[in-house]
Amino acid sequence: MNITMDVPRTTDAARELRADLVERAAALRPLLSGNADPTDRERGVPAENIDALAGAGLLSLMRPARYGGLQTDHRTLLEVSRKVGRACGSTAWVTSLLNANAWFVGLFPARAQDDVWAETPHARVAGVVTPSGTARVVEGGYRVSGRWAPASGCAHADWAVLGVNRPDAEGTSDAVGIVLAPMSELTVEDTWFVAGMRGTASNTLVGEDLFVPAHRFHSVPDAIEGRYATPFTDEALYRAPFVPTAALVLTGPQLGLATAAVDLLVERAPGRALTLTSYTSQAEAPTIQLAAARAASLADSARLHAQRAADDIDEAARAGVFPDYDARARMRMDAGMAAVHAREAVRIVCSAQGASSFGESNPLQRIWRDIETGSRHAVLNPEVAAEIYGKSLFGIRGTVSLMV
């Protein structure tokens, strides 16, 4: 079921701010693309990138204005992370996830938000919402232990959002939750040895018997149904649906990677011959022309799917309407299809450019590795998304996953 679009539209001021932020991201492209290979090789986004992003305001998109944040919307985050992803997939992923985790904090009670930002308004937040830890009730809160991975952006964070199970609350909405803990109380284990998105440094967070005050716990089932603990109900951004947001924030970097791959094909084909043919310029060869058309169209399709989900999320939030199950299922499907189409666009470009795509000096091989890795995130699983969405079209709901 589609969300009704008879709701307040994005204001001119918001559109102008979005355009300005996207331009700021574009202005950083020479720096970020110049650092893309070292980011990948050294398995971490350099401080120079993070400082530049922060200086441009691109790490404060989802932070409440009450703490000096820009408090934009999900379409803005999508477009900014796409623009950053065109330069560096890992940097875009970290940009998107640091912002997304700030959004999660915005759902918590006011006291928890104050803990994170009242004295350090520029504090950054990493996290893993998968319930990989355990919370045990004690006086005043919980004792939390666990291992959480992959914690993208943890190398640049001051706080962490951590998913937990509460065995004592089995059968209630508090059985699964997210908690907030300072990074100073956690240990980071260097475990992120992967083929792609290597620069995200999505390592493992380890906590042992941490004390978490009661106000830093939020029920995940409540969040999935839009029952947020924040008292600031007039802030539209923090009325957005939990699971569609969690899926959508992963798509922006992949849109950027797909665009970057098409850019490289269009840029390089005119000056290269098509091996073992009479074509002295690939741009004159129908096989390359058709590949370029297919890849560009798929990159566009990916962007359109993601934009539709972002716009529906934002419009519903502005209207104060929580999307029903069927609408949320379609939003998750949109995010999954965006990832699939973006990945296929990159694959077509690599095939068109042949074996040279995988030379270490060719940025295509890094783009390929990054999108093949990032598009496999569990929340974007296209088969699961399709099953959820397909069942919802027939009125079958809630039988596959709670994450809708």
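No hydrogens, no waters, no symmetry mates; every other heavy atom, side chains included, goes into these values. On a predicted model such as this, the values are computed, not experimentally measured, just so you know.
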For this session: In plain terms, say whether R75 and E79 are close enough for a salt bridge, that is, a side-chain N and a carboxylate O under 4.0 Å apart.
Result: yes

Exercise. Checking salt bridge (charged side-chain N to carboxylate O under 4.0 Å, His left out) for the pair E225/R328: CA distance, chi angles, key distance, verdict?
Worked result: CA-CA 10 Å; E225 295 298 327; R328 302 196 312 269; 3.8 Å; yes

Exercise. Where is the tightest heavy-atom contact between A135 and P167, given as atom of each residue plus distance?
Worked result: O-CD, 4.0 Å

Exercise. Are D312 and R308 close enough for a salt bridge, meaning some N to O gap below 4.0 Å?
Worked result: no

Exercise. Counting only heavy atoms not in E185, do more than 12 fall under 6.0 Å of its CD?
Worked result: yes

For this session: Start with the C-alpha gap between S297 and D300, add the side-chain angles, then the distance that decides, and say whether side chain to side chain donor-acceptor pair (under 3.5 Å) holds.
Result: CA-CA 5 Å; S297 183; D300 288 343; 5.8 Å; no

Exercise. Heavy-atom distance under 4.5 Å between the side chains of V384 and R332, does that happen here?
Worked result: yes

For this session: Inspect the contact between R111 and D114 and indicate whether a charged nitrogen and a carboxylate oxygen are less than 4.0 angstrom apart.
Result: no

Exercise. Of all heavy-atom pairs between L248 and A309, which one has the smallest distance, and what is that distance?
Worked result: CD1-CB, 4.1 Å

For this session: Kindly give the heavy-atom pair with the smallest separation between G163 and W148, and that separation in Å.
Result: O-NE1, 2.7 Å

Exercise. Are Y238 and F232 close enough that their ring centers fall under 6.0 Å?
Worked result: no

Exercise. For Y67 and P121, which heavy atoms make the closest approach, and how far apart are they?
Worked result: O-CB, 3.3 Å

Problem set entry | Residues which pass side chain to side chain contact (heavy atoms under 4.5 Å, CB included) with F193, listed by chain and number, not counting sequence neighbours | R43, D190

Exercise. When you look at CG of L402, are more than 12 heavy atoms from neighbouring residues, nucleotides or ligands closer to it than 6.0 Å?
Worked result: no

Exercise. Of all heavy-atom pairs between D37 and R366, which one has the smallest distance, and what is that distance?
Worked result: OD1-NE, 3.1 Å

Exercise. Is there side-chain contact between T72 and L237, with heavy atoms separated by less than 4.5 Å?
Worked result: no

Exercise. Can you pull the side-chain hydrogen bond (donor to acceptor under 3.5 Å, both in side chains) pairs that have at least one residue in residues 337-350, sequence neighbours excluded?
Worked result: R343-S375, E344-R347

Problem set entry | Residue pair Q113 / P64, side-chain heavy-atom distance below 4.5 Å | yes

For this session: Mind checking the CG-NE2 spacing from N49 to H156? Nearest 0.5 Å is all I need.
Result: 8.5 Å

Per-pair distances, 0.1 Å, donor-acceptor, side chain in residues 286-294, under 3.5 Å, sequence neighbours excluded:
unit_1, atom_1, unit_2, atom_2, d
Q289, NE2, A283, O, 2.9

Exercise. Parallel, tilted or perpendicular: which describes the rings of F322 and Y228, with under 30° parallel and over 60° perpendicular?
Worked result: perpendicular

Exercise. With sequence neighbours left out, what residues match A160 under side chain to side chain contact (heavy atoms under 4.5 Å, CB included)?
Worked result: L162, M183, L186, L205

Exercise. For residues 134-152, which residue pairs qualify under salt bridge (charged side-chain N to carboxylate O under 4.0 Å, His left out), counting only residues two or more places apart or in two chains?
Worked result: R136-D209, R147-E189

Exercise. Does the pair D326/R330 count as a salt bridge with the N-to-O cut at 4.0 Å?
Worked result: no

For this session: Only pairs at least two apart or in different chains count here, so list each salt bridge (charged side-chain N to carboxylate O under 4.0 Å, His left out) that has a residue in residues 243-270.
Result: R29-D263, R86-D263

For this session: Identify which one of L31, I50, V84, L28 satisfies the side chain to side chain contact (heavy atoms under 4.5 Å, CB included) criterion when paired with T91.
Result: V84

Problem set entry | Minimum-distance pair of heavy atoms, taken over all atoms of T204 and A149 | OG1-CB, 3.4 Å

Exercise. Mind checking whether Q353 and N362 have side chains closer than 4.5 Å, heavy atoms only?
Worked result: no

Problem set entry | Flag side-chain contact, heavy atom, 4.5 Å: W159 against V105 | no

Exercise. Can you check whether G199's main-chain N or O pairs, donor with acceptor, with W93's side chain at less than 3.5 Å?
Worked result: no

Exercise. Hey, is E235 close enough to R239 for a salt bridge, meaning N to O under 4.0 Å?
Worked result: no

